[in-house]
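Structure first, commentary second.
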2 protein chains.
Amino acid sequence: MAEHECVRLVPIFSELGSEQLDTIESIVRHHHYPAGSTLFGADDPLDSLMIVANGQVKVYQLAANGREQLLYLLQTGDIDGEAALFENQRRTSFGEALVPTDVCSIRRSDFQDLMQKYPSISINVLNVFGKRLSQLERQTTSTATESVEARLANYITETAAALKTDTFKLPLKKKDLATFLGTTPESISRKLALFERQGLITQKPGKVIEINDADQLLLTE
Amino acid sequence: MAEHECVRLVPIFSELGSEQLDTIESIVRHHHYPAGSTLFGADDPLDSLMIVANGQVKVYQLAANGREQLLYLLQTGDIDGEAALFENQRRTSFGEALVPTDVCSIRRSDFQDLMQKYPSISINVLNVFGKRLSQLERQTTSTATESVEARLANYITETAAALKTDTFKLPLKKKDLATFLGTTPESISRKLALFERQGLITQKPGKVIEINDADQLLLTE
DNA sequence: ATCAGAACTTGACGGCCGTCAAGAAATTCA
DNA sequence: TGAATTTCTTGACGGCCGTCAAGTTCTGAT
């Protein structure tokens with residue numbers, strides 16, 4: 001892995017010059033996790049900011065009743081760790097590598113120093129947090145007020161829109177998708193079968209979905 | 001209303017000196033809203049950071065199906081406006097004054113200048129956002145995976161814990177509480193009656209609730 | 001204090017969807 | 001490639017809870 005790879009790839013450091021990136025690189029720690037492993041505790045304490053240098057990470061939260069909820073699917077370049085930024089914040093979520101994943105971490109105190117020194121970093125982090133807040137607000141509203149059918153229809157059209165294609169492969173297993181949408185794998189199977197019967201989508205082998213009628217899909221209640 | 005009242009009362013400006021607060025005060029705009037009015041559009045554009053100087057504000061979001069979801073209940077000193085901080089962010093939520101409320105607002109560009117000049121502000125805002133993110137993560141998980149009964153029990157114990165008392169008045173009408181918890185007023189009535197029958201709480205006139213068995217309440221599934 | 005309107009409670013009913021189970025399909029690993 | 005394991009699908013069933021309705025209590029304005 002080339003040096004600087006990780007810090008140069010993260011949007012939150014985008015305004016910084018080469019020397020400043022070198023400084024940051026010197027305080028960053030590198031880690032590698034095989035697919036399926038848990039990024040948590042171990043040699044990576046909870047009070048660090050994590051940067052996904054390469055790979056994919058699922059971020060879960062555990063509910064009181066033992067169920068888990070998929071909160072985020074982090075991609076290369078994404079960061080995680082609200083917990084890294086403040087004291088007295090108990091982390092209740094945990095990450096799991098979906099594929100072999102490289103991660104860089106910066107300790108809380110180091111990162112706070114950086115933010116003091118380079119205000120642009122804080123502002124960039126604020127942007128990230130703001131987007132995440134908006135996303136979570138929509139997700140909360142959605143799971144609280146809409147049917148499973150509507151949530152799934154919405155997820156499909158949003159994913160297609162993000163990928164700018166009508167035919168795409170679901171990036172998650174049904175079980176993960178279920179915990180993300182606040183439902184069960186069985187319900188997802190059923191609803192997809194329903195959409196297909198209605199002619200709204202076509203299911204192909206390998207979790208591939210083709211959208212036939214995006215407009216009608218969005219009208220699903 | 002005394003000058004400086006609003007900027008001096010907000011935690012995000014807590015590290016600043018008196019002169020700096022004067023500077024900020026000069027770019028702040030003051031507003032007053034009677035109880036029940038909507039803080040939105042009108043003379044207050046969407047691209048401002050809002051500070052609740054005095055009063056209470058409900059922040060709602062509208063779902064695709066027309067239902068509304070109560071996201072936050074802002075108190076004096078709280079801020080709102082992720083939307084204020086980035087471009088290209090469509091606001092989907094709206095605020096409503098619960099009681100007569102004073103609000104100060106700072107325009108996005110002004111606030112961004114402030115953050116560049118005084119890094120402590122960004123860091124304080126990050127703290128606020130981080131807490132809000134954590135709260136929303138828990139709320140999402142809760143509405144997605146737990147029963148109405150468990151969510152209500154949890155809300156009651158949390159509210160009591162926050163107020164450090166076992167007897168307290170519900171701060172919201174049942175309808176608002178319902179949209180906050182992702183349920184209906186009828187279900188809340190029923191579940192409270194159930195808790196009372198189980199001896200876990202006692203309901204008194206005026207939306208006052210007394211908790212008799214907090215431990216058992218938390219075990220509700 | 002009185003009264004109108006809002007908020008709340010309670011019952012009956014029905015549908016959505018979660019659970020359990022069993023068989024089919026797909027993926028992984030040797 | 002072939003077998004073992006995981007994932008997925010489909011059916012049957014039941015319970016939670018949302019909806020509608022009607023009666024009651026609460027609240028606030030005159």
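Scope of the values below: all heavy atoms of this structure, side chains included, with no hydrogens, waters or symmetry mates. All of these numbers come straight from a predicted model, not from anything done at the bench. Proteins get letters first, then strands, A, B, ... in listed order; numbering begins at 1 in each.
The shortest distance between side-chain heavy atoms of A:Glu221 and A:Glu149 does not fall below 4.5 Å. The shortest side-chain heavy-atom distance between B:Ile79 and B:Val128 falls under the 4.5 Å cut-off. Residues B:Glu96 and B:Tyr33 fail the side-chain proximity criterion, which asks for heavy atoms closer than 4.5 Å.
Stacking of B:Arg8 on the aromatic ring of B:Phe13 is not recorded, the 6.0 Å distance cut-off and the 45° axial limit not both being met.
One interatomic measurement links the two molecules: CG of B:Leu98 to P of C:dA7, which rounds to 12 Å at whole-angstrom precision. Computed from coordinates, the B:Lys175 NZ to D:dT19 C1' distance equals 16 Å when rounded to whole Å. Rounded to whole Å, the distance from NZ on A:Lys191 to C1' on D:dC8 is 17 Å. Rounding to whole angstrom units, CG of residue A:Leu170 and P of C:dA26 are separated by 14 Å. Between the CD atom of A:Gln203 and the P atom of D:dT9 there is a distance of 6 Å, given to the nearest Å. Here the P atom of nucleotide C:dA26 and the NZ atom of A:Lys169 are 12 Å apart, to the nearest Å. One can place CG of B:Leu192 at 10 Å from P of C:dT10, the figure rounded to the nearest angstrom. When the C1' atom of D:dG18 is taken as reference, atom CG of B:Asn65 falls 13 Å away, rounded to whole Å.
For B:Asp176, the salt bridge (charged side-chain N to carboxylate O under 4.0 Å, His left out) partners two or more places apart in sequence, or in a different chain, are B:Lys58.
Of all heavy-atom pairs spanning B:Val99 and B:Gln56, the tightest one is CG2-N, 3.5 Å.
Listed pair A:Thr184 / C:dC17 fails the phosphate criterion, with no side-chain N or O lying under 4.0 Å from OP1 or OP2. OP1 or OP2 of C:dA6 has not a single side-chain nitrogen or oxygen of B:Lys174 nearer than 4.0 Å. Residue A:Ser147 has no polar side-chain atom (N or O) positioned under 4.0 Å from OP1 or OP2 of C:dC16.
Between A:Phe180 and A:Tyr155, the ring planes lie perpendicular to each other; the angle is over 60°, past the 30° to 60° tilted range.
Along DNA chain C, the nucleotide closest to A:Ser187 and the one closest to B:Lys207 are compared, and the more 5′ of them pairs with B:Lys207. If you find the closest nucleotide of DNA chain C to A:Pro205 and to A:Arg151, the one lying nearer the 5' end belongs to A:Arg151.
Taking the C1' atoms of five terminal pairs at each end of the helix from C:dA1-D:dT30 to C:dA30-D:dT1, the two resulting helix axes are inclined by 60°, rounded to 10°.
Using a 4.0 Å cut-off between a side-chain N of Lys or Arg and a carboxylate O of Asp or Glu, A:Asp80 and A:Arg132 qualify as a salt bridge.
Of all nucleotides listed (D:dT9, D:dG18, C:dT9), C:dT9 comes nearest to the side chain of B:Ser189.
With A:Leu70 as the partner, the side-chain contact (heavy atoms from CB on, under 4.5 Å) test is satisfied by one option alone out of A:Leu177, A:Val59, A:Thr179, A:Leu181: A:Thr179.
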Extract from the structure each pairing of a protein N or O with an N or O of nucleotides 20-25 of chain D at less than 3.5 Å, listing the distance.
residue	atom	partner	partner atom	Å
D:dC20	N4	B:Glu186	OE2	3.4

